[in-house]
K.L.:
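Let me give you the structure first, and then I'll get to my questions.
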Amino acid sequence: MLITWNIPFLVKHTNINGAFLSRLVEEGLTTHEAIEHHKSENKSSKFPYLVFQEVDKEGKHVIEKLVDILMETGNIEAASVLSPTRVKQHKNRGYAKKEVPLLTVNDNADLSIEEFCTDGCVSSKKSSEERDDPPFSIQVVPATKLFKGENIYHISAGSVRGQALIINNESFQELSSRRGSKVDVANLSSLFTQLGFQVNVKEDLKRSETLNLLINFSENKGHESGDMMILVVLSHGQEGGKIITHDEKSVDINHDILRHFNNENCPSLRGKPKLFIFQACKGDEWDMGVQSRGLSCKTETDAKPFDIESPPGSPLKDPTWEDMVISYATIPGYVSWRSPIRGSWFIETLSAVFMKQSHDTNLRDMLDLVCLELKQRESTQGGKQSSMYEVRGFHKKLFFYPLLKLPERL
């Protein structure tokens, strides 16, 4: 997985020529057939990515072999990102560059690439002109009206909506730095402040620090007077719902994070909406998209409707898990994309949608818009991204009423 996380860096800093490819074949990390297949079936810009993806499938000892090959072929910077210690050992003993036979490849192929990152971890772009564009400024459209009804979450008088915590892990011990993540923090901090939240940002936390912070935040006295809560985690991620901490240990999203804020463990937020946002990969697969056919389909089920009634005399209880929306940058098994200049696709898109739509659009509708906006984006390498969200007992509509001070009586 370390290779997958650093593919864009490896592509940018590796001269993928005949000598390099020959050594990969010689060490059993790929085959002549695989190389020719990737060359013939894909654009030249995708070829280097597919080569490293092929290498990453070979499993045990592949890192050591690849680092040695990178060193032999003069790709020192690329080797260093995978194993700085091994590179230092080679340098100390005067590592000699090997002479290797050349494969027949087009060394003049266009292998140029703008660096984009995934949070599992790599890098992205929407169009060529985006490369030099600075991050946009957050200017939230003020709300001018209230929405009422039994299916709408109640918001108290005043302009403060609640507490927001942002955990941003940008640097790590061995993993690549998440360049561009500070842009996400700036966008979200500005957005949440304008939405009426008291924002707290914590950066580069170890596992123990993360767990302690989550417990303290769940017990924050501000939740008692607030109407809702937001928790954001920006970091590398792994398949199986794991977030990587600064010291490269993992925390489980469900067990280590979400459970601290359910009705049992966080009574001060009982009955109040809770939004969780996770900008992290959930695997190492790349979504390369499929050709649009412009087709639509309608599905039906033959399931029989049913009613469930509580036994007579049963005590009234609330579910343990309730009023939660959990939003993820990507779907299970896949990477999420991040630009070193503009931040992650997901957070940039979410910030833009909330900025423009939160004055009159409820939370879940905005998250649907984020999914639709992400659909329009594509990385230089042809990568796509699909965000997702899940709800746990979130049965009402949530409006933020940005920059609107609500009256005492609604």
Side-chain angles (χ1 to χ4, degrees), residues 1-10 52-53 56 59 62-63 80-85 115-124 165-185 188 201-217 231-261 276-287 326-340 343-347 350 383 385 387-388 390:
M1 184 171 288
L2 180 61
I3 295 174
T4 298
W5 286 1
N6 290 285
I7 283 180
F9 185 90
L10 293 171
F52 282 112
Q53 284 181 307
D56 202 25
V62 68
I63 298 293
S80 297
V81 76
L82 295 178
S83 181
T85 302
E115 184 183 2
F116 278 90
C117 318
T118 70
D119 275 326
C121 239
V122 203
S123 307
S124 88
L165 172 63
I166 301 173
I167 299 175
N168 176 43
N169 293 325
E170 182 171 1
S171 65
F172 302 83
Q173 294 175 347
E174 294 288 341
L175 298 177
S176 59
S177 175
R178 300 181 56 257
R179 295 196 302 137
S181 192
K182 281 185 169 58
V183 178
D184 287 345
V185 172
L188 291 175
V201 177
K202 298 293 182 181
E203 298 191 287
D204 292 338
L205 301 181
K206 297 178 180 178
R207 185 178 191 277
S208 60
E209 295 171 332
T210 302
L211 297 178
N212 288 333
L213 176 64
L214 291 169
I215 293 173
N216 292 336
F217 185 57
L231 171 61
V232 181
V233 181
L234 314 168
S235 191
H236 286 318
Q238 288 179 327
E239 197 164 3
K242 307 293 184 183
I243 298 293
I244 306 303
T245 54
H246 172 65
D247 54 351
E248 298 184 7
K249 298 179 181 179
S250 66
V251 295
D252 181 84
I253 289 177
N254 195 64
H255 183 268
D256 295 323
I257 300 178
L258 298 181
R259 74 178 180 90
H260 289 298
F261 301 91
F276 301 87
I277 299 172
F278 295 101
Q279 167 55 46
C281 287
K282 301 181 75 177
D284 54 15
E285 291 290 328
W286 287 27
D287 180 359
I326 305 112
S327 184
Y328 301 96
T330 188
I331 60 177
Y334 284 84
V335 299
S336 60
W337 294 89
R338 169 175 36 83
S339 164
S344 66
W345 284 6
F346 176 61
I347 297 300
L350 182 146
Q385 182 173 332
S387 63
M388 63 170 285
E390 63 173 287

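This one's a predicted model, so the numbers in the text were calculated from it and none came from an experiment.
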K.L.:
Ser235 side chain to Thr245 main-chain N or O, any donor-acceptor pair under 3.5 Å?
P.N.:
no
K.L.:
Give the minimum heavy-atom separation between Leu231 and Leu214, together with the two atoms involved.
P.N.:
CD2-CD2, 3.8 Å
K.L.:
For Ser250 and Arg207, work out which heavy atoms get closest and say how close.
P.N.:
O-NE, 2.8 Å
K.L.:
Hey, what do you get for CD1 (Ile3) to CD1 (Ile63), rounding to the nearest 0.5 Å?
P.N.:
4.0 Å
K.L.:
Mind listing the closest non-hydrogen atom pair of Asp184 and Gly343 along with its distance?
P.N.:
OD1-CA, 3.5 Å
K.L.:
How far does CE of Met388 sit from CZ of Phe278, to the nearest 0.5 angstrom?
P.N.:
11.5 Å
K.L.:
Tell me the closest heavy-atom pair linking Asp252 and His255, and the distance in Å.
P.N.:
OD2-N, 2.7 Å
K.L.:
Evaluate side chain to side chain contact (heavy atoms under 4.5 Å, CB included) for Val201 paired with Leu188, printing each intermediate quantity in order.
P.N.:
CA-CA 10 Å; Val201 177; Leu188 291 175; over 6 Å; no
K.L.:
Step by step, would you call Leu234 with Val185 a side chain to side chain contact (heavy atoms under 4.5 Å, CB included)?
P.N.:
CA-CA 8 Å; Leu234 314 168; Val185 172; 3.7 Å; yes
K.L.:
Could you state the interatomic distance from NE2 (His236) to CG (Leu175), rounded to the nearest 0.5 Å?
P.N.:
5.0 Å
K.L.:
Quick check for you: to the nearest 0.5 Å, what is the distance between Ile347 atom CD1 and Ile277 atom CD1?
P.N.:
6.0 Å
K.L.:
Using modelled atom types and a 3.5 Å cut-off, is there a donor and acceptor pairing between side-chain atoms of Asn169 and backbone atoms of Leu205?
P.N.:
yes
K.L.:
Check Arg179, Lys182, Lys202 against Glu170 for a salt bridge (Lys or Arg N to Asp or Glu O under 4.0 Å) and give me the one that passes.
P.N.:
Lys182
K.L.:
Would you name the heavy atoms of Cys281 and Ser336 that are closest together and state the gap between them?
P.N.:
SG-N, 3.1 Å
K.L.:
Show, in sequence, the C-alpha distance, side-chain angles and deciding distance for Leu165 and Leu213, and conclude whether the side chain to side chain contact (heavy atoms under 4.5 Å, CB included) test is met.
P.N.:
CA-CA 10 Å; Leu165 172 63; Leu213 176 64; 4.0 Å; yes
K.L.:
How close do Trp337 and Gln279 get, counting heavy atoms only, and between which atoms?
P.N.:
O-NE2, 4.5 Å
K.L.:
Hey, can you tell me if Phe172 and His246 have their rings parallel, tilted or perpendicular (30° and 60° cut-offs)?
P.N.:
tilted
K.L.:
Hey, what do you get for CG (Asp204) to OG1 (Thr210), rounding to the nearest 0.5 Å?
P.N.:
10.0 Å
K.L.:
Measure the spacing between CG of Asn254 and CD1 of Ile326 and express it to the nearest 0.5 Å.
P.N.:
8.0 Å
